[in-house]
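Not measured: the values here are computed from a predicted model. Read the numbers this way: they start at 1 and go in the same order the structure lists the ligands and their atoms.
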Amino acid sequence: MRSLLLLPVLFALAFSHSHDKSLDWWETTIFYQIYPRSFKDSDGDGIGDLNGITSSLEYLKELGVGATWLSPIFKSPMYDFGYDIADFYAIQEEYGTMEDFENLMAKAKELDIKIVLDFVPNHTSNESVWFEEALRGHEKYYDYFIWEDGVVDENGVMHPPNNWVSVFRKSAWEYREEVGKYYFHQFVIGQPDLNYRNPAVVEEMKNIIRFWLDKGVAGFRVDAIAHLFEVDKADFGGKLPDEPLSGRTDDPDSYDYLTHIYTTDLDETLDMVYQWREVFDEYKEKDGLTRVMMTEAYSSPQMTMRYFGEGERKGAQMPFNFVLISDVNGESSAAEIKYALDKFLTFKPIDEHANWVAGNHDNNRVASRFSPELVDGINMIIMLMPGIAVTYMGEEIGMVDGYVSWEDTVDPSGCNTDDPINYWMASRDPERTPFQWNAEKNAGFSTADKTWLPVAADYENLNVAVQRESENTHLNVYKFLADLRTEKVFRYGRYESVAFNEGVFAFRRWYQRKAYIVVVNFRNEPYTIDLTYFEGVNRSVKVVVSSIQSPKTSRDVLSANKVEIVGNESLVLKVV
Ligand SMILES: *[C@@H]1O[C@H](CO)[C@@H](O)[C@H](O)[C@H]1NC(C)=O
Ligand SMILES: *[C@@H]1O[C@H](CO)[C@@H](O)[C@H](O)[C@H]1NC(C)=O
Ligand SMILES: *[C@@H]1O[C@H](CO)[C@@H](O)[C@H](O)[C@H]1NC(C)=O
Ligand SMILES: CC(=O)N[C@H]1CO[C@H](CO)[C@@H](O)[C@@H]1O
Ligand SMILES: [Ca+2]
Ligand SMILES: [Ca+2]
């Protein structure tokens, strides 16, 4: 009797969809990465700046983007274009002043765009006051860095303390006569690692986080997190141990020569991430706004997931999911694409969100790594897979890697090759060329005669202004997807994917009675596919949006059991 009475209540509960909970700002937005040096130059010196960003924020609004993360804007000698920070509390002059930053924050607030900054905690610049003071023997700052004695051989020649190699090749140790010791640097010589085993460093870095949170930033993207901690020599009899050989290369200068068990992904690094999250949460408690943390680590899925948190302790909301960068490219088959995309979803904790990153300032552009024809398909994946979308500036219009000659190359990763022929393989300049606003001088990026990097050659036809004018453009596909993404199907809906054949990857999202199917053909081959494979698909599907070279137009209705897909075609279909 009682159970019968309960029945209607259970029904009501079942239909109210208890997982249809209200979502926080960061769970539904698109994060748009701006590389400030290349976005918009306001004063004609050929270098992008904060006022340029402020004046262009409405563009983000136009895209449907609600948050942006800015690559570093802090004071820096620019050996590594801002990833070598000299003063974590100051703005780099060529980017503007603190007042310019505050204006940017005010404008962003007015437009309801959240600003996320880049936090580079692993190291400072060798021209930071801290490092300079350390060299002068100032004890407090000396202890901010990692110093070791060299090893003197039988001939009296001094060698680095151990075999550790830097990410950018050669020994990770650099001798300084001023103090008679070697300092440790995981990246370039100009980036001495901070000593996180010193509690004063831990506190200082938290104060930097607080300083910017006080200015209203909505979180941080944390750079190169895996490299934060190195092992404690106290655990190894007072001497930092050699890392084991990987067996993958015979070149002892190569980072790949060693297996980095003592210098990456240590448990202490995770603990530090959790401690930072506690600082973020202090702020949330004060004003109710969630601060987000995104972590950059090209690690195994098991390791990546640990950044979310462990047990009671919370970490990053968005450990970046780099599968579309590290695992696949234009050569990949549909099965390989499926395997890569399912990975994060498979490993992630059930109550956390996935995130989708297809490009950034360290990797070749989507149009170059996949193909210009796949730009819309990749944007469909980024925007419509379950989770948070991240876009690197320019991917919405399908920008292509720029050509940067050896003479014009400035990225240390390119210059360090000392190879005028093959430098471009290591250089990150091609994906950092100026943003293409219009067909005017320097693509509308700058009025300077020379910009810090050359503008990519195709800018006259490939730019925002041109793509605004006609309907069938990457920009308009992107805006359409940004809008579509706000539907409940894409916020709460379930997900199922399949590789139909060598080329066609497809996934279904469904929620209550609504369902969509996204189809991306990774091959320059036509295929006929049967979409009734998907449950709930019987007769027909309707084209909602298609890649720009697709012969189909929106509102075309197709027979579900016999959908003809042309080479490189991408479609979003509604199940009708
Ligand atoms: C910092 O390191 C760079 C190499 O990355 C070097 O050219 C420069 O001289 C160094 N500056 C100081 C003050 O040591
Ligand atoms: C598809 O067919 C099934 C079973 O024949 C039916 O239950 C379902 O409602 C149909 N769906 C659509 C979208 O027509
Ligand atoms: C598909 O993409 C490839 C690679 O960019 C290109 O060569 C080919 O012409 C494209 N084919 C079609 C039908 O768009
Ligand atoms: C993976 C990686 O190397 N990321 C960054 C690490 O930090 C250096 C220096 O800050 C950057 O150049 C890299 O992009
Ligand atoms: Ca400027
Ligand atoms: Ca470190």
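- Here the rule is side chain to side chain contact (heavy atoms under 4.5 Å, CB included) with Leu70, and of Ile115, Val116, Val217 only Ile115 fits it.
- Residue Gly190 places at least one N or O, backbone or side chain, under 3.5 Å from an N or O of ligand 1.
- When heavy-atom distances to ligand 1 are checked against a 4.0 Å cut-off, Glu127 comes that close only through its side chain, counted from C-beta outward.
- Nearest non-hydrogen protein atom to atom 12 (C) of ligand 1 is Asn126 ND2, 3.4 Å.
- Close approach of ligand 3 to Asn568 (heavy-atom distance below 4.0 Å) involves ligand atoms 1 (C), 2 (O), 3 (C), 8 (C), 10 (C), 11 (N), 12 (C), 14 (O).
- Screening Val572, Val557, Leu573, Val563 for a side chain to side chain contact (heavy atoms under 4.5 Å, CB included) with Val543, the sole residue that qualifies is Leu573.
- Note: Trp437 and Tyr59 have perpendicular aromatic rings, judged against thresholds of 30 and 60 degrees for the angle between ring planes.
- At a cut-off of 3.0 Å, Gly44 is not counted among the residues with an N, O or S atom near the Ca ion (ligand 5).
- Geometry at the Ca ion (ligand 5): OD1/Asp43 and OD2/Asp49 form an angle of 90°, nearest 10 degrees.
- Rounded to 10 degrees, the OD1-metal-OD1 angle spanning Asp41 and Asp45 at the Ca ion (ligand 5) equals 90°.
- Taking a 6.0 Å sphere around NZ of Lys181, one finds it holds more than 12 heavy atoms contributed by other residues, nucleotides or ligands.
- Note on ring orientation: taking the six-membered ring where Trp is involved, the planes of Tyr142 and Trp147 are parallel (angle under 30°, cut-offs 30° and 60°).
- Between Gln549 and ligand 3, a contact under 3.5 Å exists for no N or O pair.
- Between Trp173 and Tyr182, the two ring planes are perpendicular [angle over 60°; tilted spans 30° to 60°].
- Closest to atom 9 (O) of ligand 1, if we only count protein heavy atoms, is Tyr79 OH, 4.4 Å.
- Annotation: the span from Asn122 atom CG to Leu228 atom CG amounts to 6.0 Å, rounded to 0.5 Å.
- At least one heavy atom of Arg176 sits closer than 4.0 Å to an atom of ligand 1.
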Q) What do the steps show when you test His361 against Phe81 for ring pair (Phe, Tyr, Trp, His ring centres under 6.0 Å), and what is the final call? A) CA-CA 11 Å; His361 62 296; Phe81 296 99; over 10 Å; no
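- For atom 13 (C) of ligand 3, the nearest non-hydrogen atom of the protein is Asn524 OD1, 3.5 Å.
- Distances from atom 7 (O) of ligand 3 to the protein include no heavy-atom value under 4.0 Å.
- Protein heavy atom nearest atom 5 (O) of ligand 3, with residue, atom name and distance: Glu373 OE1, 2.6 Å.
- Using the six-membered ring where Trp is involved, Phe505 and Phe522 have ring planes that are perpendicular, over 60° apart on the 30 and 60° scheme.
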